[in-house]
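As structure tokens, the structure follows; a few thoughts come after it.
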Amino acid sequence: MCDADVDVCPVCGDAVSGYHYGLLTCESCKGFFKRTVQNHKSYTCAESQDCRIDKTQRKRCPFCRFQKCLRVGMRLEAVRADRMRGGRNRFGPMYKRHRALKQQKHALLHSHGLRVDYPTIISSPTRTPLTFPNITTTTTDRHQQTQSSSSSSSSSSSSSSSNFFQTQTRCESHHHHYHSSPLGAVYSGSPVPPAAAAAAAAVAAAAAAAAGGRCGSSSQAQFSGCFSPQGSALPRLLVEFLRCELDELQVQSKITGRLQQMQGEGGWGWGWGGHGEKLMYLMADQMLFYIVEWARGSVFFKELKVSDQMKLLHHCWCDLLALDIVSRQVQHGRQGSLILVTGQEVDLPAVVTPAGPLLRTLVQKGQELVDGFRKLLVDRNEIVCFKFLILFNTDVKHVENQSFVENIKEQVHRALLEYTLCAYPQFLDKFDQLLLCLSDLRALSTLTEEYLCSKNISGEVPCNNLLNELLHAKHNSM
DNA sequence: CTAGCCTTGATG
DNA sequence: CATCAAGGCTAG
């Protein structure tokens, strides 16, 4: 018998109780996800962050359980900030479409007689853009109901992700004269920081999930056209972008670790002012390191010559930094506070009260942008597109392969348009609204750079840092 | 904390 | 008025 319609929770394999936070899950994972998001829980894994999650062991490691919730596509946005009860959310239409698709599939299966052992009946020749072996295999996998396969997405992904980063060495011939600077050091081809390698596994798994790699149910993706709640038929480009994402939790723990290291015995506070402010610069510096690392490993970008890569990065690092910070607030933040990449929460009034006018406007504009993102219901997929639109900026001068940059930018535009039309059919001008948001973000970025320059932080942080270099590179080139 | 059951309230 | 996915409650 076909397993495609067995309603099994994609997180733990328990019986599904309905649609919860974007997809069909069981009651317990629903509750777990809600508690975690509502209460800003943060867990740690006692093992190696790859615990098996099934019905009997799901209580054992909340860290891995939550990771799996995200990986299979449960949506943070569906947890209401205002805790309002009842009613419907924007996923309603999506649930409805998904139900219709399931029904169609059933009808199709029955019209072919009841012999439904193999999913070939519903495979569609029109949809074969999946160039990733681990994705295509999981979608046709037929022995998923066992425990071992529930983790197949993460284990099988490591192989593809490792060569993903190994291919980087191809670019190394270009890097020779950049060694002396921090950005050069990131480019120096020295072993990729462990976070990136470790994150790659989780990243590929997340992408597999986004591409319909939910192990249990085989074929929502085949009825292409629009996107199922399981996130199946995303534009091909978007799937590739998602594969390039670093894992937030991995980066978070690496940055936290490194900052604690630097903090040393001093015991600086996390507030604003004094050592806290210094720590913020160090944190931004670390974030930039990962931003560059991400760009460097990203599809298309890594095809560019290193000199072009550096020109683009010099131009957009602050946009990417601002986007990273803003989107973190959109996802996890609360009114009146700032969530740091380390997961810590800073009280905004404590930042603003002693601040100068420039920082005040910066915080205010930032808040406005976060509100704008929220009102627009900007989702993770759109943010990923933003990152590539920011990266492939056709305004950057003296880029050798300008036509490539233009080409990619156009493709991203198309993918984003296609995505918004399909994922938010009720919201026809979402694409245009998003582009407006993006220009607001650029304005915020400019303001941020001005602020950083005005602080002349070179004395505040160790001189060998990326933040300083990028600030000055921009200054010198303009 | 967990997870089963309960209450709410917009949607059709 | 029925549905059903949100949030709430509470024993274990």
Side-chain angles (χ1 to χ4, degrees), chain A residues 5-47 49 51-106 147 150 209 214 216-217 220 226-232 249 330-335 343 345 373-381 422-428 430:
Chain A
D5 281 322
V6 176
D7 282 334
V8 160
C9 174
V11 179
C12 71
D14 202 350
V16 156
S17 72
Y19 288 92
H20 304 294
Y21 309 108
L23 37 65
L24 288 165
T25 75
C26 70
E27 194 66 19
S28 70
C29 289
K30 166 201 158 190
F32 170 76
F33 190 76
K34 181 186 71 177
R35 288 192 299 275
T36 302
V37 179
Q38 275 185 340
N39 305 325
H40 298 99
K41 291 273 165 54
S42 71
Y43 311 111
T44 49
C45 175
E47 303 289 322
Q49 310 196 333
C51 303
R52 265 188 192 58
I53 304 298
D54 58 37
K55 188 179 174 181
T56 57
Q57 299 191 68
R58 65 192 176 199
K59 287 193 221 177
R60 290 248 285 231
C61 182
F63 177 91
C64 290
R65 188 183 189 181
F66 187 58
Q67 278 221 315
K68 192 161 181 191
C69 286
L70 295 173
R71 197 164 73 221
V72 301
M74 290 183 79
R75 312 296 294 255
L76 295 162
E77 319 90 276
V79 178
R80 297 171 185 168
D82 57 6
R83 301 203 161 195
M84 194 194 302
R85 306 170 74 186
R88 292 286 141 89
N89 62 13
R90 71 185 171 87
F91 294 110
M94 189 170 73
Y95 297 148
K96 201 175 152 192
R97 265 182 290 143
H98 185 247
R99 252 190 278 268
L101 289 178
K102 278 182 68 168
Q103 210 159 22
Q104 267 184 52
K105 193 166 74 184
H106 244 102
Q147 262 101 308
S150 70
R214 175 190 161 191
S217 111
Q220 284 93 337
C226 275
F227 313 124
S228 78
Q230 322 300 141
S232 294
L249 290 171
V330 173
Q331 284 198 325
H332 310 289
R334 284 192 300 199
Q335 204 64 251
E345 199 167 350
F373 270 52
R374 287 225 175 94
K375 279 195 192 116
L376 249 188
L377 303 172
V378 180
D379 69 27
R380 180 169 129 267
N381 296 324
C422 235
Y424 303 90
Q426 257 70 315
F427 192 174
L428 285 176
K430 186 168 192 191

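Because the structure is a prediction, the values reported are computed rather than measured. Below, chains carry the letters A, B, ... as their sequence lines are ordered, and counting in each starts from 1.
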Does A/R60 reach a base, just sugar-phosphate, or nothing at all? Heavy atoms under 4.0 Å. nothing
When we call it a touch if two heavy atoms are under 4.0 Å apart, what does A/K55 touch: a base, just sugar-phosphate, or nothing? nothing
Verdict with reasoning, A/V378 to A/V330, per side chain to side chain contact (heavy atoms under 4.5 Å, CB included): CA-CA 9 Å; A/V378 180; A/V330 173; 5.6 Å; no
Roughly how far apart are A/K68 NZ and A/R52 CZ, rounded to 0.5 Å? 9.5 Å
Range on DNA chain C touched by chain A, heavy atoms, distance below 4.0 Å: C/dT3 to C/dG8
So which protein nitrogen or oxygen atoms get under 3.5 Å of nucleotides 9-12 of chain B's nitrogens or oxygens?
from, atom 1, to, atom 2, distance (Å)
B/dG9, O4', A/G87, N, 3.4
B/dG9, N3, A/G87, N, 3.1

Any side-chain heavy atom of A/S28 sitting closer than 4.5 Å to one from A/R65? yes
Between P of B/dA3 and CD of A/Q38, the distance in whole Å: 16 Å
Using a cut-off of 4.0 Å on non-hydrogen atoms, how would the nucleic acid contact of A/G18 be classed: base, sugar-phosphate, or nothing? sugar-phosphate
Give me the atom names and distance for the closest heavy-atom approach of A/Y95 to A/L23. CE2-N, 4.2 Å
Quick one: are A/C51 and A/R60 in side-chain contact, heavy atoms under 4.5 Å? no
A/K34 has an atom NZ; how far is it from atom C1' of B/dT2, in whole Å? 11 Å
Which donor-acceptor pairs under 3.5 Å do the side chains of residues 29-38 of chain A make with protein atoms, sequence neighbours left out?
from, atom 1, to, atom 2, distance (Å)
A/K30, NZ, A/E27, OE2, 3.1
A/T36, OG1, A/F32, O, 2.7
A/T36, OG1, A/Y43, OH, 2.7

Sorted by position of nearest nucleotide on DNA chain B, 5' first, the leading residue of A/P62 and A/K30 is A/P62
Between A/K430 (side chain only) and A/L377 (backbone N and O only), is there a donor and an acceptor less than 3.5 Å apart? yes
Atom SG in A/C9, atom CE in A/M74: separation rounded to 0.5 Å? 7.0 Å
In whole angstroms, how far is the P atom of B/dT7 from the CZ atom of A/R80? 18 Å
For atom NZ of A/K96, decide whether the heavy atoms of other residues, nucleotides or ligands shown that lie under 6.0 angstrom number more than 12. no
5'-most contact on DNA chain C: A/R35 or A/A78, nearest heavy atom basis? A/A78
